[in-house]
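Indexing begins at 1, ligand by ligand and atom by atom, following the structure's order. Note that the structure is a prediction, hence the values are computed from the model and not measured. In what follows, residues are counted from 1 in the order of the sequence shown.
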Amino acid sequence: MTIATDFRFDESALREFRTVFSGPIIRPGDATYEEQRRVWNGSIDRHPAVIARCAGVADVVAALRYARGAGLIAAVRSGGHSFPGQSVCDGGIVIDLGLMKGIRVDPMGRTARAQAGVLLGELDRETQAFGLAVPAGIVTHTGLAGLTLGGGVGWLMRKYGLTIDQLLSVDLVTADGEFVKASEDENADLFWGVRGGGGNFGIVTEFEFRLNQVGPTVLAGPIMWPIEKASEVLRFYRDWIEEAPDELTTIVVNRKAPPLPAIPQHLHGKRVVIVACCYSGSIEDGERAIAPLRKFGTPVLDLCAPKPFVAHQAMFDPSFAHGLWYYFRSCDVDRLSDEVIDITVDHCMRIESPMSGCPIFHLGGQVARVGENETAYSGRGAGHTFNINGITTDAEGFDEERTWARRLWAALEPHHTSVYVNFLMDEGEQRIRQAYGPKKFDRLRELKNKYDPANFFRLNQNISPA
Ligand SMILES: Cc1cc2nc3c(=O)[nH]c(=O)nc-3n(C[C@H](O)[C@H](O)[C@H](O)COP(=O)(O)OP(=O)(O)OC[C@H]3O[C@@H](n4cnc5c(N)ncnc54)[C@H](O)[C@@H]3O)c2cc1C
């Protein structure tokens, strides 16, 4: 194991940094170093020289200035859920915003402010106290910051759009250490860029969102059939969602049924096709909308029922636990054509790991109504987002799962349209370009030239300056 103490390190600069930084500064050898250098994806094993856990905006500015002065490469970490582990580095500094947990909900004005260290479940808890919500992702322990900066797809998107579609403003520290605000009226170019352009332009310290009415009880949950029925189920599903109201967002998951208390034991480990539903309108309307799906074939399990939105939000949490080894391949497709379905089913019949799977998000609705050029996020016209994941407990069997994920992704290649930037691994500039499309990528590059010409923020899905 290489430890960051090998790095030639300016101790005097660090001493000075300690005098202006109020949060914990963690170095190799410190009691919490091992825990703090870890990120969600257990296959990532990096050793930063310094982990600066910011207590507030002043710390973010101080950490950034210190990193620049000391010539350290910087990783910016909020929730630590980057698939390829871009929020931790070898030898540099991790500017960690995970302690910045402030949330303020204004139920009358229907807005919320959330600091960068907030996780999705923490924001939902505060907003749902008033029956309000920001559309975000599907796992409660995901970081709000990284998710928002890439776009944000989730259970409410067909009704209320992507997370960025409800974003009103951000507070951001630029590569020069300058504090700026960005909104439609202030630094509008930057506001366009942070809505999909990731962490390329600065460190966001706080987000302001518009809130929408949701639940707090929603009709939601999974309906499950054996994988042998997947071909028929997916063909039915494809036609059924053509007419789906915006309130209904569904995610198809092909995997082995997990050994969870809600799932009968005889199904554990059996390959299944799941349609997970979330209806964000009235329960009665939801029952009507979901009825045809419930009646199709003979589901082996139907857990779609009225429940608190926050409970539904946590449904996938156990499937994506911290510290497992994860590998992802993603792509968008226009529609679930017969060929796309056949490829998917064929490969999912061969899933070996009890944890691997293939979630397929249904987009459309409000996501597609926002103009493609209104934000940096790309691929609003896509019908579905594939998020193929190969998962193991540790290194054992990981290569095989990675191969499985790659093969399914490659078989779908003729049908790829775009790719969601937050679902990329470290796949190189070509794929980032593909994620944004050439025109948008060039526009993002111009913005990068303006806000970060030295590419200080480069541990990300990088838009290198022109
Ligand atoms: C279990 C799981 C479930 C997911 N589900 C969804 C989902 O439903 N919908 C969806 O859209 N995405 C989902 N994602 C993908 C997710 O959006 C990205 O992984 C996102 O980067 C996570 O944000 P984070 O703050 O946790 O990440 P981090 O690892 O902390 O950061 C990722 C990157 O974002 C940038 N960044 C982070 N914080 C800041 C900041 N404050 N300022 C500037 N840049 C910053 C940095 O470049 C950093 O490298 C999921 C990921 C996981 C692991």
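In terms of the side chain to side chain contact (heavy atoms under 4.5 Å, CB included) criterion, residue partners of R68 (sequence neighbours excluded) are, by chain and number, L64, A175, D176, A454, F456. Not counting sequence neighbours, the partners of N460 by the side chain to side chain contact (heavy atoms under 4.5 Å, CB included) test are N200, F457, N462.
Between L248 and C278 there is no side-chain heavy-atom pair separated by less than 4.5 Å. With a 4.5 Å cut-off on side-chain heavy atoms, H416 and W409 count as touching.
In this structure, Y326 and F320 have parallel ring planes: the angle between them is below the 30° cut-off, well short of the 60° mark.
For ligand 1, the protein residues placed under 4.0 Å by at least one non-hydrogen atom are W40, V76, R77, S78, G79, G80, H81, S82, F83, Q86, S87, A116, G137, I138, V139, T142, G143, A145, G146, L147, L149, G152, V153, G199, G202, I203, V204, F320, Y420, N422, F423, L459, N460.
Sorted by first and then second residue, the ring-ring contact (aromatic ring centres under 6.0 Å, His included) pairs involving residues 64-90 (not counting sequence neighbours) are F17-Y66, W40-H81, H81-H141, H81-H322, F83-F328, F83-F423.
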